[in-house]
Protein chains: 2
Amino acid sequence: MAFSYEHARPALAVDCVVFGLDDEDLKVLLIQRGVDPFQGKWALPGGFVRIDESVDEAARRELAEEAGITRVFLEQLYTFGAVARDPRDRVVSVAYYALVKLSDHRVVAATDAREAAWFAASELPSLPFDHDEIVGKALARLQGSVRYRPIGFELLPQKFTLTQLQRVYETILEKTLDKRNFRKKVLGTGLLLELDEVEQDVAHRAARLYMFDKKRYRELEKDGFLFEI
Amino acid sequence: MAFSYEHARPALAVDCVVFGLDDEDLKVLLIQRGVDPFQGKWALPGGFVRIDESVDEAARRELAEEAGITRVFLEQLYTFGAVARDPRDRVVSVAYYALVKLSDHRVVAATDAREAAWFAASELPSLPFDHDEIVGKALARLQGSVRYRPIGFELLPQKFTLTQLQRVYETILEKTLDKRNFRKKVLGTGLLLELDEVEQDVAHRAARLYMFDKKRYRELEKDGFLFEI
DNA sequence: TCAAAAGTGTTAAAAATACACCCATGG
DNA sequence: CCATGGGTGTATTTTTAACACTTTTGA
């Protein structure tokens with residue numbers, strides 16, 4: 001079956017920059033390409049947009065198919081439309097970035113026999129197409145967004161310590177923060193629920209656990225409240 | 001001549017939200033559609049991406065063709081990819097927003113006999129496709145960007161008074177600002193060149209003219225300087 | 001009892017805000 | 001001479017930044 005159009009059409013693809021955070025650093029998920037061009041090379045997960053799905057749906061589908069990742073924070077990043085960004089065909093790609101709780105996705109499901117693996121964002125191999133540029137833009141967006149929107153929580157388990165949260169910000173912003181000032185500020189937002197629980201199995205005083213109060217955030221947001229760290 | 005592909009492909013279009021500022025308010029440029037669907041209705045300027053041009057180039061070309069607008073600030077906004085956003089065909093649209101000096105484009109060149117006109121952003125007619133949503137997103141982006149990036153100047157003549165600049169911010173942010181504090185802040189950026197000129201033909205004391213120091217901004221930007229009003 | 005991280009307040013500096021009058025110009 | 005907008009400084013409040021020790025816990 002073939003499809004015919006009066007004018008030539010670019011192919012339309014999606015690519016996803018998936019971020020995760022572990023004890024060491026910020027990670028990006030890469031997939032070993034199963035097809036040419038660049039077969040065997042590490043690249044961003046992605047694929048072509050089908051005719052009967054939205055572009056957003058395509059991004060979610062590719063994440064699920066290629067990495068077994070579902071129900072994550074996913075947001076459109078930028079559309080890359082240079083004529084020669086793909087050496088074979090004209091392909092325009094809508095890039096997305098995702099934030100996942102690494103604890104949930106430590107073992108990446110490489111579904112169709114393709115390898116998937118986490119790489120430190122600061123030590124990525126050189127990537128095919130314009131994927132280096134896409135990752136660069138995603139990092140910049142992440143750094144810009146994390147201070148003004150409550151998305152840092154997406155990288156942590158549902159229950160987390162304030163020190164873990166501080167590490168999220170320090171890792172993304174690439175600078176150290178003052179512990180007391182940080183706590184003052186995040187608790188000052190009124191968006192952290194203090195739980196009657198502490199972390200388990202640590203070889204020192206156990207820290208209190210908190211949750212992000214998403215419901216309250218949505219209410220405040222309606223009234224024009226701006227999150228800021 | 002027809003083009004045939006193994007898989008069905010969405011058509012790829014661009015749409016542009018062009019902002020201008022006059023004495024009254026913030027304006028958006030609309031074009032009367034020359035073709036179906038929605039022939040005769042006011043809509044955003046735009047059109048299909050050609051196979052041999054980048055998406056950015058397509059946006060600039062459409063602006064030039066449909067409105068005679070060239071050499072303006074133009075930036076990608078968001079890609080709209082819902083399946084049914086166009087009632088006839090599957091069309092994914094990469095939206096852009098542009099800022100123009102209305103003084104330069106007061107008379108819009110309606111090239112191919114189609115009408116073009118400026119509408120107050122707050123009183124737009126209801127637009128076809130998802131163009132209402134696109135304009136909404138463009139306004140939100142403009143409001144978010146104007147405080148952190150020196151783009152307000154794009155709406156003014158090269159030489160402007162501080163009162164004109166203040167009006168840019170007041171109009172976009174939809175709130176009044178204190179004159180003394182505003183001046184303190186913009187002059188404090190060190191990015192305004194004070195000229196030895198004043199405005200002409202006003203029935204009161206003539207205000208001093210300033211220019212944005214783009215060269216100096218680019219230097220400071222390299223060193224991590226962040227513009228902020 | 002030691003190591004390791006949790007938890008906690010105050011002070012100083014900087015930035016943001018509120019606020020009102022005189023000045024220059026053209027009509 | 002008057003109407004119109006141009007231009008200017010200070011005091012207060014709020015926000016941010018700097019900074020160090022005691023507590024808890026498990027090994």
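Reminder, nothing fancy here: chain letters follow the sequence lines and each chain counts from 1.
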Please state how far atom CG in B/D201 lies from atom C1' in D/dT4, giving the value in whole angstrom units.
16 Å
Listed partners of B/R149 passing salt bridge (Lys or Arg N to Asp or Glu O under 4.0 Å), at least two apart:
B/E75
For residues 200-213 of chain A, the side chain to side chain donor-acceptor pair (under 3.5 Å) pairs (sequence neighbours left out) are A/E194-A/R208
In chain order, what residues pass the ring pair (Phe, Tyr, Trp, His ring centres under 6.0 Å) check against B/F19, with sequence neighbours excluded?
none
Dump the pairs, protein N or O against N or O of nucleotides 15-22 of chain D, anything under 3.5 Å, distances to one decimal.
unit_1, atom_1, unit_2, atom_2, d
D/dA17, N6, A/K184, NZ, 3.4
D/dA18, N7, A/N181, ND2, 2.9
D/dA18, N6, A/N181, OD1, 3.0
D/dC19, N3, A/R180, NH2, 3.4
D/dC19, N4, A/D178, OD2, 3.2
D/dA20, N1, A/R180, NH1, 3.3

Could you tell me which residues satisfy side-chain contact (heavy atoms from CB on, under 4.5 Å) with A/D22, sequence neighbours excluded, listed by chain and number?
A/E24, A/D25, A/K27, A/L102, A/R106
Please work out if B/T163 contacts a base, only the sugar-phosphate, or nothing of the nucleic acid, heavy-atom cut-off 4.0 Å.
sugar-phosphate
Contact check, residues 165-174 of chain B vs DNA chain C, heavy-atom distance under 4.0 Å, returns none
DNA chain C: first to last nucleotide in contact with chain A (atom under 4.0 angstrom from a heavy atom), 5' to 3', is C/dA4 to C/dT10
Should the pair B/Y97 and B/F73 be assigned to parallel (<30°), tilted (30 to 60°) or perpendicular (>60°) ring geometry?
perpendicular
What does B/R183 touch in the nucleic acid at a heavy-atom separation under 4.0 angstrom: a base, only the sugar-phosphate, or nothing?
base
Sequence neighbours left out, cut at 3.5 Å: what donor-acceptor pairs do the side chains of residues 124-131 of chain A make with other protein atoms?
unit_1, atom_1, unit_2, atom_2, d
A/D130, OD1, A/R85, NE, 3.3
A/D130, OD1, A/R85, NH2, 3.0
A/D130, OD2, A/R85, NE, 2.8
A/H131, ND1, A/L44, N, 3.2

Residues that A/S122 engages under side-chain hydrogen bond (donor to acceptor under 3.5 Å, both in side chains), provided they are two or more places apart
none
Residues two or more places apart in sequence or in another chain: which of them pass salt bridge (Lys or Arg N to Asp or Glu O under 4.0 Å) with B/E133?
none
For A/E228, check salt bridge (Lys or Arg N to Asp or Glu O under 4.0 Å) against everything at least two apart and list the hits.
none
State which residues pass side-chain contact (heavy atoms from CB on, under 4.5 Å) with B/K184; sequence neighbours excluded, sorted by chain then number.
B/N181
For A/H204 and for B/E199, locate the closest nucleotide of DNA chain D by heavy-atom distance; then report the residue assigned to the nucleotide nearer the 5' terminus.
B/E199
